[in-house]
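Here is how names work: the chains are called A, B, and so on, in the same order as the sequence lines, proteins then strands, and each is numbered from 1.
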Protein chains: 2
Amino acid sequence: MNLKQLADSLNLSQTTVSRALNGYPEVREETRARVLAAAKAAHYAPNSRARRLATGRAMTIGHVIPLTGQTEMVNPIFADFLIGAGEVYGREGYDLLLSMVTDGDTEGAFRQLAANGSVDGIMVQAPQAEDPRIALLQELKMPFLVHGRTGDAKGYSWLDIANVRAFRRATDFLLDLGHTRIALINGQAGFDFAQRRLRGFEEALAARGLAPLPHLVANDAMTESYGYLSAAAMLDGPEPPTAFLASSVIIAIGLRRAAGERGLRLGRDISIICHDDELSYLNNDVGGPDFTATRSSIRAAGRRCAENLIALIHDPEQPPIQELWDVTLTVGRSTGPCPTI
Amino acid sequence: MNLKQLADSLNLSQTTVSRALNGYPEVREETRARVLAAAKAAHYAPNSRARRLATGRAMTIGHVIPLTGQTEMVNPIFADFLIGAGEVYGREGYDLLLSMVTDGDTEGAFRQLAANGSVDGIMVQAPQAEDPRIALLQELKMPFLVHGRTGDAKGYSWLDIANVRAFRRATDFLLDLGHTRIALINGQAGFDFAQRRLRGFEEALAARGLAPLPHLVANDAMTESYGYLSAAAMLDGPEPPTAFLASSVIIAIGLRRAAGERGLRLGRDISIICHDDELSYLNNDVGGPDFTATRSSIRAAGRRCAENLIALIHDPEQPPIQELWDVTLTVGRSTGPCPTI
DNA sequence: GCCTTTGCCCAAAGCGCTTTGGGTTGCCCT
DNA sequence: AGGGCAACCCAAAGCGCTTTGGGCAAAGGC
């Protein structure tokens, strides 16, 4: 069933039927009702390919996930963000086009999306400290929104959490408990968020005349085994930390495993504080929070990013939309005063 | 730059340029080379909306994720599967359309996708024991592939792991170690995979004249806190289990937390065996496997499912493609003989 | 009573591609 | 010389929708 057939069956023109379905005022309410009823009865839905060609809008937003080697962003964070964004897209009538890039040529993928007009906008996740994607998208005149930010963060739209503040606060919390040998188990060094978190960590230490201990700072993709291995190495090495700062709950789980194997009790023998993205399947808040954590829902961020990107698509001339979210610090059972030796 | 402009600039017809770009034989190789060079120089890419309208193919495959309340499938498993499938789609020139359904009306979403022709095929994940989606897709004459299976598993294409066999084997392994009070921390009862795993568990027990203990069987969405809470309740209750069988690594992590809090050492005081989907960020194989586990890569499954679905789209008349994957059992450090009391 | 406005509807022209159904050469064959 | 056949290329007809630019009544203004 297409528009022509529907129009014929109603003895109306395609124009009128199209207008009736799309809510234009030039059609009598009685006619509109008749059209809507017939469309429903016939299970008619306009062909999206034809509609998109005619309107020139793709009604689609692209997410590009790089899958290259070590940098692979295939972490749970991307999934929950996607869910949040997808909710909004669905509500607003947009499709979500997910594109995996295996050959490392993310820029090529962007060019392709722009050239063949298959998306109206692009969501950018996990920017590097210097990220070429932003300049490219500006050059392509493609609306985009960055989750995170990079460089001076001027001239484009983004949404980010206050990473520096969050990690300064978390570090302060540990310092207040008397810890001085604090380890930072961070994400990969190239990412902007990892650099900001390191800065927060450094600032808090500096304020008390301390500095990060090089052997207690680690950077890598945020997996459980990375958390486990770094903690194991640090705990078994000289000058072991009395507290850990972890960039994700996944890492913290690895830390907990290493601690457990060594008979160390969280919150007593060793302290852990982590950043919690409030992932759906890693709820940290059953019967009171387990890990002490700075928290910010990645899913909520996905929702908001989607809303902002759609606003940007509707009016590309508007000034950049920038949002900085503060995080909350929830005290759980994984932190306690520094044990006196 | 569109086809007409490109053709004009080359003093060729749109027909010839289109054929040159799409590899048809009616055009001289010299002409083809000239066209390709010009297209490249002009950064020309055919408009995908127009192409799709003209060819009648969407070159898109739909994944529909239900987000309704408890049944929400937002787990890490869906993400890794998506990655695997997306790799193949990209390679084969297909787009991945991801659709989140928040109002519970998955069937409506399917009807919509079919009616407006925005996808050529649909991937179905995590089927319920009786899943209406399959009959619906058959009725809609929409090519689809099920990851998992349901009912008698006849007449449609699917790819599944041998759940019954896997859990029978895992249970046997624990029985061989002398365990008899074994707990099963399963997924939600409605899912087909959960029912098959229960069956495998029951069969292994029955072969030794045993039966599942009702207070040692749990069903719920596979989160870490669910694992933690069920283990806590069972360990603190009467007749605590000496071994656990968990339907995912995430659950097993929750079990480990509960065990750790109670001072129980894995593989000595308590045994855990789980099913491991080989999630990228929960590598269970660093320095030898940690959890004893039945394993099967969900990402590889995603890849294979995508290949099979594309084959199905290319030839919808072919007989159903059905694949049953066996799993491997890897022995780790989380299992040991039943402690003699 | 005539002209303009308003309300409602239609025919037809795109959107940018693919594909059908020819045309036009030039070459070989009889 | 003329017919047949490749080899190349083109004009034009869709694909199914939206949207422009009217047209035709009935209603309102002088």
Side-chain angles (χ1 to χ4, degrees), chain A residues 1-36 38-39 42-60 93-95 112-120 314, chain B residues 1-36 38-39 42-60 93-95 112-120 314:
Chain A
M1 171 65 78
N2 60 23
L3 184 63
K4 183 166 169 23
Q5 293 163 354
L6 182 62
D8 287 352
S9 79
L10 284 160
N11 283 322
L12 286 171
S13 73
Q14 294 190 41
T15 308
T16 304
V17 175
S18 171
R19 284 183 165 152
L21 294 173
N22 291 313
Y24 283 80
E26 295 94 337
V27 31
R28 205 177 357 164
E29 276 313 316
E30 178 202 322
T31 310
R32 187 192 308 281
R34 204 157 61 90
V35 170
L36 288 174
H43 289 301
Y44 170 78
N47 182 296
S48 66
R49 298 190 293 266
R51 174 195 275 251
R52 283 159 192 203
L53 178 58
T55 59
R57 285 171 304 160
M59 291 308 287
T60 301
Y94 280 83
D95 281 343
Q112 190 69 23
L113 288 176
N116 68 24
S118 45
V119 301
D120 300 316
H314 288 168
Chain B
M1 172 66 80
N2 60 25
L3 185 64
K4 183 166 168 20
Q5 293 164 354
L6 183 63
D8 288 352
S9 79
L10 283 161
N11 282 323
L12 286 171
S13 73
Q14 294 190 41
T15 308
T16 305
V17 175
S18 171
R19 283 182 165 153
L21 293 174
N22 291 314
Y24 284 80
E26 296 93 336
V27 31
R28 208 180 352 168
E29 277 314 315
E30 179 202 322
T31 310
R32 187 191 308 281
R34 203 158 61 90
V35 170
L36 288 173
H43 290 302
Y44 170 78
N47 182 295
S48 65
R49 297 191 293 266
R51 174 195 275 251
R52 283 158 192 202
L53 178 58
T55 58
R57 286 171 304 160
M59 291 308 287
T60 300
Y94 280 82
D95 281 343
Q112 190 69 22
L113 288 177
N116 70 23
S118 46
V119 301
D120 300 316
H314 287 169

> Rounding to a whole Å, what distance do you find between A/R49:CZ and D/dT18:P?
Replying inline: 14 Å
> What heavy-atom pair brings A/Y44 and A/L21 nearest, and what distance separates the two atoms?
Replying inline: CE2-CD1, 3.6 Å
>> With a 6.0 Å cut-off (strictly less than), is the heavy-atom count around NE2 of A/H314, excluding the residue itself, greater than 12?
In response: yes
>> How many whole angstroms separate atom CG of B/N2 from atom C1' of C/dC15?
In response: 10 Å
> Quick one: does A/R32's side chain have a donor or acceptor within less than 3.5 Å of a partner on A/Y24's backbone?
Replying inline: yes
>> Nearest to the A/L12 side chain among C/dG14, D/dC9, C/dC9, which nucleotide is it?
In response: C/dC9
>> Quick check for you: among C/dG16, C/dC10, D/dT18, whose closest atom lies nearest to any side-chain atom of A/S13?
In response: C/dC10
> Does B/R57 use its side chain to pair, donor to acceptor, with the backbone of B/D120 at less than 3.5 Å?
Replying inline: no
> Starting at the 5' end of DNA chain D and moving along, which residue's nearest nucleotide shows up first, B/A50 or B/T31?
Replying inline: B/T31
> Is the phosphate of D/dC17, meaning OP1 or OP2, less than 4.0 Å from a side-chain N or O of A/T55?
Replying inline: no
> Is there side-chain contact between A/M1 and A/H43, with at least one heavy-atom pair below 4.5 Å?
Replying inline: no
> To the nearest Å, how far apart are A/R52 CZ and D/dC15 C1'?
Replying inline: 16 Å
> Whole-Å distance between D/dT19 P and A/L53 CG?
Replying inline: 12 Å
> Counting only side-chain N and O atoms of A/Y44, is one of them less than 4.0 Å from OP1 or OP2 of D/dC17?
Replying inline: yes
>> In this structure, how many angstroms lie between the P atom of C/dC27 and the CZ atom of B/R28, rounded?
In response: 12 Å
> For the side chain to side chain contact (heavy atoms under 4.5 Å, CB included) test, which of A/V27, A/V17, A/L12 pairs with A/R34?
Replying inline: A/L12
> So, does B/S18 use its side chain to make a donor-acceptor pair with the main chain of B/Q14 at under 3.5 Å?
Replying inline: no
> How close or far is atom P of D/dG14 from atom CD of B/Q14, stated in whole angstroms?
Replying inline: 16 Å
>> Rounded to whole Å, please give me the gap between CD in A/E29 and P in C/dG7.
In response: 13 Å
>> Classify A/S48 by what it touches in the nucleic acid, base, sugar-phosphate, or nothing, heavy-atom distance under 4.0 Å.
In response: nothing
>> With a 4.0 Å limit, can you tell me whether B/R51 has a side-chain N or O closer than that to the phosphate oxygens OP1/OP2 of C/dT18?
In response: yes
> What are the residues of residues 15-26 of chain B, sorted by number, that bring a heavy atom to within less than 4.0 Å of DNA chain D?
Replying inline: B/T15, B/T16, B/R19, B/E26
> NA contact type, B/N116, heavy-atom cut-off 4.0 Å: base, sugar-phosphate, or nothing?
Replying inline: nothing
>> By nearest heavy atom, map A/L3 and B/R32 onto DNA chain D; which one lands nearer the 5' end?
In response: B/R32
>> In this structure, how many angstroms lie between the P atom of C/dG16 and the CD atom of B/Q5, rounded?
In response: 8 Å
